[in-house]
Amino acid sequence: MTGVERERAIIDLIRSVPEGFVTTYGDLCPEAPRLPGRILATTSEKVPWHRIVRADGTFAQGERQRRLLRKEGIPFKGRRVDLDAAHIPREALLANR
DNA sequence: GTGATGACGGAAA
DNA sequence: CTTTCCGCCATCA
C-alpha cells in the first residue's frame with residue numbers, strides 16, 4: 001500500500017460519511033490515526049471534514065466545527081458528540097460502498 | 001540518514 | 001478529570 005493509495009482510500013471513506021453522522025480518525029485509518037488528521041489539515045479536496053471527530057467524541061476545529069455538526073442535527077452529550085447515537089463505524093462505511 | 005511534528009488512540013499514572 | 005508516553009505513517013528541516 002503506497003502513500004497516495006492510502007490517501008485516496010481515506011479521502012473516499014470521508015466522502016462516504018452521510019450527513020447527520022460522524023466517524024473517527026481511527027476508523028478512517030486504524031494503523032495510523034494521525035494520517036487522516038494530516039490529510040485533512042493539508043488537502044484541498046472538498047470533503048465533509050466536520051464529520052470526522054476523535055474517538056471520544058471531542059473534535060479538533062472548535063466552534064467552527066461544532067456549528068456545522070449541530071446544523072446537521074448531530075446529537076451531543078455535553079461538549080462532545082454523542083457517538084452512541086451518531087457514530088458510523090469503519091465496517092459500516094466499507095460495506096456501504 | 002536522523003529527528004521532530006501532527007485535525008490521533010489507548011494505556012498508565 | 002489531567003498529564004505522560006509510546007506507537008503509527010507521511011512530511012519536512
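Numbers restart at 1 for each chain; the letters A, B, ... are given by sequence-line order, proteins then strands. It should be emphasised that the depicted structure is a prediction, and the values quoted were computed from it without experimental measurement.
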Would a distance-only check, ignoring hydrogens and angles, find a side-chain to backbone donor-acceptor pair under 3.5 Å from [X] to [Y]?
{"X": "A:T42", "Y": "A:R38", "answer": "yes"}
{"X": "A:Q65", "Y": "A:I52", "answer": "yes"}
{"X": "A:R51", "Y": "A:R15", "answer": "no"}

Span of DNA chain B, from the first to the last nucleotide whose atoms fall under 4.0 Å of chain A heavy atoms: B:dG6 to B:dG10
How many angstroms lie between [atom1] in [X] and [atom2] in [Y], if you round to the nearest 0.5 Å?
{"X": "A:R70", "Y": "A:E63", "atom1": "CZ", "atom2": "CD", "result": "9.5 Å"}
{"X": "A:E19", "Y": "A:L68", "atom1": "CD", "atom2": "CG", "result": "10.5 Å"}
{"X": "A:R54", "Y": "A:R80", "atom1": "CZ", "atom2": "CZ", "result": "11.5 Å"}

Cluster check A:I11, A:F21: I/L/V/M/F/W/Y, side chain < 4.5 angstrom: yes
Same apolar cluster (I L V M F W Y, side chains within < 4.5 Å links), A:I39/A:I14: yes
Any residue of residues 6-14 of chain A with a heavy atom less than 4.0 Å from an atom of DNA chain B: none
Any residue of residues 73-97 of chain A with a heavy atom less than 4.0 Å from an atom of DNA chain B: none
Sequence neighbours excluded, every pair satisfying salt bridge (Lys or Arg N to Asp or Glu O under 4.0 Å) that has a member inside residues 84-97 of chain A: A:K77-A:D84
C:dA13 and B:dA7, which share atom name P, separated by this distance in whole Å: 16 Å
Sub-4.0 Å heavy-atom contacts from residues 43-58 of chain A onto DNA chain C, ordered by number: none
Test side chain to side chain contact (heavy atoms under 4.5 Å, CB included) applied to A:L13 and A:T23, step by step: CA-CA 10 Å; A:L13 266 189; A:T23 196; over 6 Å; no
Sugar-phosphate, base or nothing in reach of A:Q61, heavy atoms under 4.0 Å: base
Touch class at under 4.0 angstrom, heavy-atom based, for A:L40 against every strand present: base
Nearest heavy-atom neighbours spanning A:R6 and A:M1: NH2-O, 4.0 Å
For the student: nearest non-hydrogen atoms of A:C29 and A:I10, plus distance: CB-CD1, 3.9 Å
Tabulate atom names and distances for all N/O pairs under 3.5 angstrom spanning the protein and nucleotides 2-7 of chain C.
none

Side chain to side chain contact (heavy atoms under 4.5 Å, CB included) between A:F76 and A:V81, worked out: CA-CA 4 Å; A:F76 281 71; A:V81 167; 4.2 Å; yes
Verdict with supporting geometry, A:L69 and A:F59, side chain to side chain contact (heavy atoms under 4.5 Å, CB included): CA-CA 10 Å; A:L69 291 171; A:F59 36 89; 4.1 Å; yes
Test log, rule side chain to side chain contact (heavy atoms under 4.5 Å, CB included), inputs A:L83 and A:D56: CA-CA 8 Å; A:L83 294 180; A:D56 64 357; 5.9 Å; no
